[in-house]
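Below you will find the structure I want to go over with you.
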Amino acid sequence: MARTSHGDCESLAGMTAVGVELSNCCDVTGNGSADSTVERCAPECLTRRMTQLTESVRLETDGDIALIIVDNPPVNALSWHVRQGLLDGMTTAVADGAAGIVVICEGRTFIAGADISEFGGAAQGPGLQEVQDAMENAPVPVIAAIHGTALGGGLEVALCAHYRVSVAGAKFGLPEVNLGLLPGAGGTQRLPRLAGVPKALEMMTSGRHIGTAEAQEAGLVDEVTDGDLRAAAIAFARRAVAENMPLARVRDRDEKVLEARGNTELFAKFRASIARKTRGFLAPEYNIQCIEAAVNLPFDDGLAVERRLFLELMTGPQSAAQRYAFFAERAANKIPDIAADTPLVDVARCGVLGAGTMGGGIAMNFANVGIPVTIVERDQASLDRGLAVVRKNYERSASNGSIPAAAVEERMALITGSTDKGDFADCDLVIEAVFEDMELKKSIFAELDQICRPGAIMASNTSALDVNEIAAVTSRPESVIGMHFFSPANVMKLLEVVRGAKSSDTTVASTMAISKRINKIAVLVGVCHGFVGNRMLFMRGAEADRMILEGATPAQVDRVLYDFGFPMGPFAMMDLAGLDIGWKEETSSTSTVREVLCENGRRGQKNGRGYYTYDPETRASTPDPEVEQLIKDFAISKGVTQREVSDQEVLERCLYPMVNEGAKILEEQIAIRGSDVDVVWVNGYGWPLYRGGPMHWADSVGLGEIVERIRHYSDTLGGSHWELSPLLARLASENGQLQRFSN
Ligand code: 3H9
């Protein structure tokens, strides 16, 4: 516990801490319990008194202002001892006669929300509402002093202060929806009262964090300071006392919710506007229902609706999956066998080889965070085309408001085009983004080996090829690694970082670090064909192809997966990508349905005809009887008898081979943890977040059930992808879980 620092005394009349007797000692005493860890001060030194209330909250005084200080790293989450400390702090400060109270945090942020790791465990300490009641009903002004992020329960606490002061760079949000939840501590009732219904709808269903200017405009913040937050909050509290400012309770403000009463169209329109994006998720709709309650019911009745819906979400499978995904994403960044103090390559300039869709998108990631990029193409025309696409992307972002207009030129200025690979000489990281052709990649890496400075990282954006084989052509395989970006590379969050057999710790750690810096969710994977994501996708694709021969239609397979929560099924996806990728008319041998379609002039969305037929104007897809006939004829030619395939069979045969392959990937140590596999699928392949990922989902179905069905399909259908993973069999027999498996 820290010692008191005694400032100039300005005695605070009547202030004694609960359970504390002040003595003439200026030393620290206490046995560690909440009530007795007490700083004993000389009575003449009451000005800067400090009382440690719980392990994470202390009370200080500055003259007649009490400061309740939360210090619960890393993000000051509302763990039970924080709630206890806040409550004790309020009680003590009021009992001691403080004229005003400031709630402030140490460390990098204001309270960032409830402690998610406590969810589902036994309740401990006071509830948040008790804390909030103590703040809102305090007889003296309570000021929340905000820096960093005031999120979720953190913002809900701040909304129970009478006033809010923040630093200029603070962020505010109710991101519970991203955890499959709604704000469960009055936020659904208070935010619309303060910020208005449209703003609350948007913030709560998107989970978006807003900056100070927007927060101030929305009425969330009363004062913004560029100076010292603590001093500003104390000054505000003193002013509130001196000017007898009202003890403003957000719950009492009805004008903004009354404005929306009876406006059913507002809600109907809003629901329609987010329908596509939130399909399958429960939480956005429940958030909206709470705001409707805020509009139509008295505050306490609205709170009761909030409580009921919060509990329903909290105990349901969607929130469990989304909370799991939150921690899985953070775990993926931890590499157990690499020391935290591993020296890192400082990436001050990045090189990208190839200005196609992929290369351009990759370059944008770096320019977006202020890192200069050298982008090299083989000829000026291709380079100009690539750079024009990058510029167009930025202009589109500026025109829809997602980046400031000035950012277009700023970011373009960071991108230097060249047709000379020699310009990579001053780059700290060079990413190759050319065609998936091993010989081409090998020749490029041999060349890069001659150009790149010693210690520079040389990365391949291959989506499936052997990184070791690529590394072997260089004199420094320790500097070679895979960085598998997903298309569009400037949008998709996932990055598979592929560790070669010889990639050094520095190369791996630096690549993970730079991935985070460019705002990607990186997952470290090992070398195998297709790594984690594509390898599992191949299994799903193989079985989907097989089922359409047996009698399922492409539309049925796609619908089953769409209903499961994927944005689209495998056949719609192939149409989108183009059926003729890698297909050549002269070598086509009518050996797959895909080849048959290409041979019949069906190239996918690009020519309006693929597995589906596409409306030239709306691009809407319709199943095509011609395709079904082509498939039937092909099945006959292969001796396959068609039959009716049930939706359940489609689902099992698409997803169980993926689960099986995921287990094999873990067995072979291609992925570090089961949860890493889930991070890949949720962030790179559209696996519905509310189902956690294939490993989490398999655990929820039951590994025993899945093993039994895999054995069944292995017996009836055969095929190497139905060979049961020994790890899966073992976990099923031991009641284990794939999502918790770790190498
Ligand atoms: C809620 O509030 C419900 C209420 O409405 C109702 C109550 C009744 N709890 O992300 P980072 C950990 S729901 C526990 O890498 P950054 C995280 O796991 C909550 N732990 O840092 C990681 O641990 P580790 C609503 C948490 O700087 C470490 O902190 N709030 C929590 O990139 C660093 O995290 C939210 O949803 C938590 N709430 O980003 C906010 N938050 O180092 C969730 C973080 O062991 N949090 N941790 O891996 C965030 O969005 C980001 O963490 C934040 C910092 C922006 C705060």
Side-chain angles (χ1 to χ4, degrees), residues 56 70 72-83 86 105 107-121 123-133 146-160 169-191 200 203-204 206-211 283 286-287 290 303 306-315 318-320 322-336 340 369 493 512-513 515-522 673 675-676 679 689:
S56 57
V70 179
N72 187 29
V75 296
N76 287 318
L78 286 161
S79 314
W80 74 268
H81 40 85
V82 172
R83 301 194 301 275
L86 287 170
C105 294
R108 65 197 218 215
T109 180
F110 189 74
I111 301 164
D115 184 342
I116 309 166
S117 62
E118 276 185 357
F119 288 180
Q124 209 182 345
L128 198 49
Q129 192 170 345
E130 226 181 305
V131 175
Q132 293 174 297
D133 287 346
I146 298 165
H147 74 293
T149 44
L151 299 179
L155 181 56
E156 292 174 292
V157 164
L159 291 181
C160 288
K171 296 251 188 265
F172 307 78
L174 291 177
E176 284 86 345
V177 72
N178 297 327
L179 300 168
L181 292 172
L182 51 87
T188 67
Q189 305 304 296
R190 288 191 180 88
L191 186 67
M203 280 179 70
M204 283 165 48
S206 70
R208 186 170 71 88
H209 304 174
I210 62 173
Y286 280 30
N287 272 276
C290 286
L303 269 193
E306 177 191 279
R307 183 106 298 258
R308 177 171 57 78
L309 295 179
F310 178 81
L311 283 176
E312 199 183 311
L313 288 176
M314 170 68 116
T315 50
Q318 290 206 352
S319 177
Q322 289 179 246
R323 282 181 272 132
Y324 159 80
F326 175 86
F327 286 114
E329 203 178 287
R330 278 145 188 89
N333 213 39
K334 301 184 172 73
I335 313 303
V369 297
K493 295 291 281 179
M512 294 301 286
S515 306
K516 193 165 183 195
R517 205 167 137 206
I518 61 171
N519 297 314
K520 295 293 175 198
I521 298 169
R673 341 170 160 76
S675 60
D676 286 0
V679 173
L689 173 63

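Only a predicted model underlies this, so the values are computations on that prediction, with no experimental measurement involved. In listed order, ligands and their atoms are each counted from 1.
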Inset, instruction - Would you mind checking which non-hydrogen protein atom is closest to atom 12 (C) of ligand 1, with the distance to 0.1 Å? - result: Pro74 CG, 4.1 Å
Legend entry - Within-shell test, Thr109 vs ligand 1, heavy atom, strictly < 4.0 Å: no
Legend entry - Sub-3.5 Å N/O-N/O distance, Ala112 and ligand 1: yes
Inset, instruction - Give yes or no for whether the N/O distance cutoff of 3.5 Å, strictly under, is met between Lys516 and ligand 1. - result: no
Inset, instruction - Only counting residues at least two apart or in another chain, list the ones meeting salt bridge (charged side-chain N to carboxylate O under 4.0 Å, His left out) with Glu130. - result: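 Glu130 satisfies salt bridge (charged side-chain N to carboxylate O under 4.0 Å, His left out) with no residue once adjacent residues are dropped.
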Legend entry - salt_bridge(Glu118, Arg83) N-O dist < 4.0 Å: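 Between Arg83 and Glu118 there is a salt bridge, with a charged N closer than 4.0 Å to a carboxylate O.
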Legend entry - Ligand-side contact atoms (ligand 1) for residue partner Gly153, heavy atom cut-off under 4.0 Å: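 Close to Gly153: 1 (C), 2 (O), 4 (C), 5 (O).
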Legend entry - Residue-ligand contact Glu118/ligand 1, heavy atom below 4.0 Å: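 Glu118 does not count as a contact of ligand 1 under the 4.0 Å cut-off.
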Inset, instruction - Report yes or no: does a heavy atom of Gly187 sit under 4.0 Å from some atom of ligand 1? - result: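 No heavy atom of Gly187 comes that close to ligand 1.
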Legend entry - Distance from atom 39 (O) of ligand 1 to nearest protein heavy atom, with residue and atom: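 Checked against all protein heavy atoms, atom 39 (O) of ligand 1 sits closest to Arg108 NH2, 4.4 Å.
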Inset, instruction - Please confirm whether Arg307 comes within less than 3.5 Å of ligand 1 when only nitrogen or oxygen atoms on both sides are compared. - result: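 In this structure, Arg307 places no N or O atom under 3.5 Å from an N or O of ligand 1.
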Inset, instruction - With heavy atoms of Asp115 as the reference, note each atom of ligand 1 found under 4.0 Å away. - result: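 Heavy-atom distances to Asp115 below 4.0 Å select 9 (N), 14 (C).
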Inset, instruction - Taking only heavy atoms of Gly152 into account, list the atoms of ligand 1 that are under 4.0 Å away from them. - result: 2 (O), 25 (C)
Inset, instruction - List every atom of ligand 1 that sits less than 4.0 Å from any heavy atom of Lys334, numbering the atoms from 1 in the order shown and giving each element. - result: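 Those qualifying, in numeric order: 24 (P), 45 (O), 48 (O).
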Inset, instruction - With sequence neighbours left out, write down each residue that passes side chain to side chain contact (heavy atoms under 4.5 Å, CB included) with Arg308, or none if nothing qualifies. - result: Val305
Legend entry - Close N or O approach (Ala114, ligand 1; < 3.5 Å): yes
Legend entry - Which residue and heavy atom of the protein sit nearest atom 20 (N) of ligand 1, plus the separation: Phe327 CE2, 4.2 Å
Legend entry - Enumerated ligand 1 atoms positioned under 4.0 Å from heavy atoms of Pro175: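 Counting atoms of ligand 1 from 1, those under 4.0 Å from Pro175 are 30 (N), 35 (C), 36 (O).
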Legend entry - N or O contact, Leu151 vs ligand 1, cut-off under 3.5 Å: no
Inset, instruction - Measure from the side-chain N and O atoms of Asn76 to the backbone N and O of Thr109, and report whether any donor-acceptor pair falls under 3.5 Å. - result: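 Between the backbone of Thr109 and the side chain of Asn76 there is a qualifying donor-acceptor contact (under 3.5 Å).
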Inset, instruction - Give the residue, atom name and distance (to 0.1 Å) of the protein heavy atom nearest atom 51 (C) of ligand 1. - result: Arg330 NH2, 4.1 Å
Inset, instruction - Check each atom of ligand 1 against the heavy atoms of Leu179 and keep those under 4.0 Å away; list them by number with element. - result: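 Once the distances to Leu179 are compared, the set is 13 (S), 19 (C), 36 (O).
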Legend entry - Heavy atom of Lys171, distance to ligand 1 below 4.0 Å: no
Inset, instruction - Verify the distance criterion only: is there a donor paired with an acceptor across the side chains of Asp115 and Ser79 at less than 3.5 Å? - result: yes
Legend entry - Where ligand 1 meets Ile116 - atom numbers and elements under 4.0 angstrom, heavy-atom basis: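 Those qualifying, in numeric order: 9 (N), 14 (C), 37 (C), 38 (N).
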Legend entry - Side chain proximity check, Leu191 to Pro183, heavy atoms < 4.5 angstrom: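 No. Closest side-chain heavy atoms not under 4.5 Å.
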Legend entry - Numbered atoms of ligand 1 (with element) below 4.0 Å of Pro183, judged on heavy atoms: 5 (O)
